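From a predicted model like this one, the values you see are computed outputs, not experimental measurements.
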Amino acid sequence: MLGKVVIVGVGLIGGSFALALKGAGAVREVVGMGRSPEAMARALELGIVDVVAESAQQAMAGADLVLLAAPVAQTGPILASLLPYLEPGTVITDAGSTKGDVAASARAVLGERVRQFVPGHPIAGRESNGPDAALAELYRGKKTVITPLLENSAGDVGLVAAAWRLCGAVIHTLTPEQHDAVFAAVSHLPHLLAYALVDDIARKPHADLLFQYAASGFRDFTRIAGSSPEMWRDISLANRDALLTELDAYLAQLTALRGLLAAGDSAGLEAVFDNAQRARRAWGTAIEANEPPPGPESGK
């Protein structure tokens, strides 16, 4: 049972964390902090938070756990605002999609007290933003990656892991470097591609006609282009080196595919498509096998 949990950024990610802990009966009080008074008022109205903090000092007093659920570029400034009121028994974690930059910011701001900061990343989300997008079941059966720092104690890492397990998450552990390399390939690059495709079509003189006939394939491929531009701007820049490596590899693949198409190489094209289909089906089967049955409120 957690006493006081502070959520900095009560949108989809932070709000869902709060709702999940409340649904599990695992927290006494949830305190919210955020940049937008309107969003915080809405979070209070929806019962996501019990109190909206008027200051960092108020929020941090007696806090057991603090979750930073804001764009990763804000990690340093947020930690700096919390540091003067960080009590010895308080653990801070985050939900950012990059970890190397977050760890560096934490060390720079917190100094030796970085031992109280345990980086994390829940692998779940939706295209909607804000408190109204929060779902108590968002993390159920989904992975949460914890990337402990050398300075962290086993007890603090265990506290963060336990909190995510109470939300229904399955805990995985990587180093910050491993995390950023993996997610550059399977998360950050796909977002870049989806944004690029929609932006390209939107800028064409006959964009209205193209969008008129865009159907399920376009919708499925570009779904993630509905995500927060601010968040993905920060993620792209924070993981720039790994993302550039993956983008270069993808550009090479596109160039090779273009060569096959230009040459009319039907066998070559089919071989690429066949390999991709088999890999995609195998991945889909593995995902379905590991997912829990849908709950009555999940809408699945």
**Report entry** Joint cluster assignment, W232 & L192, ILVMFWY side-chain distance < 4.5 Å
**Finding:**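 W232 does not cluster with L192.
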Query raised in the report: Would V109 end up clustered with V114 when hydrophobic side chains under 4.5 Å apart are linked, directly or stepwise?
Result: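 Linked, V109 and V114 end up in one cluster.
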Atom pair [atom1] ([X]) and [atom2] ([Y]), whose distance is rounded to the nearest 0.5 Å:
{"X": "L174", "Y": "K143", "atom1": "CG", "atom2": "NZ", "result": "11.0 Å"}
{"X": "I78", "Y": "L68", "atom1": "CD1", "atom2": "CG", "result": "5.5 Å"}
{"X": "M33", "Y": "M40", "atom1": "CE", "atom2": "CE", "result": "8.5 Å"}
{"X": "R113", "Y": "T90", "atom1": "CZ", "atom2": "OG1", "result": "8.0 Å"}
{"X": "I201", "Y": "L209", "atom1": "CD1", "atom2": "CG", "result": "11.0 Å"}
{"X": "I92", "Y": "Q116", "atom1": "CD1", "atom2": "CD", "result": "7.0 Å"}

Donor-acceptor pair, side chain of [X] and main chain of [Y], under 3.5 angstrom:
{"X": "D64", "Y": "L2", "result": "no"}
{"X": "T93", "Y": "V118", "result": "yes"}
{"X": "N152", "Y": "R115", "result": "yes"}
{"X": "H188", "Y": "V182", "result": "no"}
{"X": "K4", "Y": "A61", "result": "yes"}
{"X": "Q178", "Y": "T175", "result": "yes"}
{"X": "T98", "Y": "D101", "result": "no"}
{"X": "E45", "Y": "A41", "result": "no"}
{"X": "E87", "Y": "G62", "result": "yes"}
{"X": "S228", "Y": "M231", "result": "yes"}

Requested in this report: Taking side-chain hydrogen bond (donor to acceptor under 3.5 Å, both in side chains) as the test, write out the residues that go with R278, two or more places apart.
Outcome: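 Per chain and number, R278 pairs via side-chain hydrogen bond (donor to acceptor under 3.5 Å, both in side chains) with D274.
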Report task. Just jot down the side-chain hydrogen bond (donor to acceptor under 3.5 Å, both in side chains) partners of T75, sequence neighbours excluded, or say none. Result ->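 Checked T75 against side-chain hydrogen bond (donor to acceptor under 3.5 Å, both in side chains); zero matches.
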Report task. Report the C-alpha distance between V52 and V49 in whole Å, list the side-chain angles of each, state the deciding distance to 0.1 Å, and finish with yes or no for side chain to side chain contact (heavy atoms under 4.5 Å, CB included). Result -> CA-CA 7 Å; V52 174; V49 300; 4.2 Å; yes
Ion pair [X]/[Y], N-O distance below 4.0 Å:
{"X": "K22", "Y": "D50", "value": "yes"}
{"X": "E177", "Y": "K99", "value": "no"}
{"X": "D132", "Y": "R42", "value": "yes"}

Query raised in the report: Does atom CD of Q58 have more than 12 heavy-atom neighbours from other groups under 6.0 Å away?
Result: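 More than 12 heavy atoms, drawn from other residues, nucleotides or ligands, come within 6.0 Å of this atom.
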**Report entry** Pairwise ring-ring contact (aromatic ring centres under 6.0 Å, His included) hits with a residue in residues 146-168, at least two apart
**Finding:**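 Matches after skipping sequence neighbours: F17-W164, Y139-W164.
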**Report entry** Worked check of side chain to side chain contact (heavy atoms under 4.5 Å, CB included) between V272 and L260
**Finding:** CA-CA 10 Å; V272 172; L260 295 173; 4.0 Å; yes
Query raised in the report: Under 3.5 Å, is there a donor-acceptor pair linking the side chains of S36 and E38?
Result: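 Judged by distance alone, the side chains do pair up.
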**Report entry** Minimum side-chain heavy-atom gap V6-L67 below 4.5 Å
**Finding:**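 SC-SC contact between V6 and L67 ruled out.
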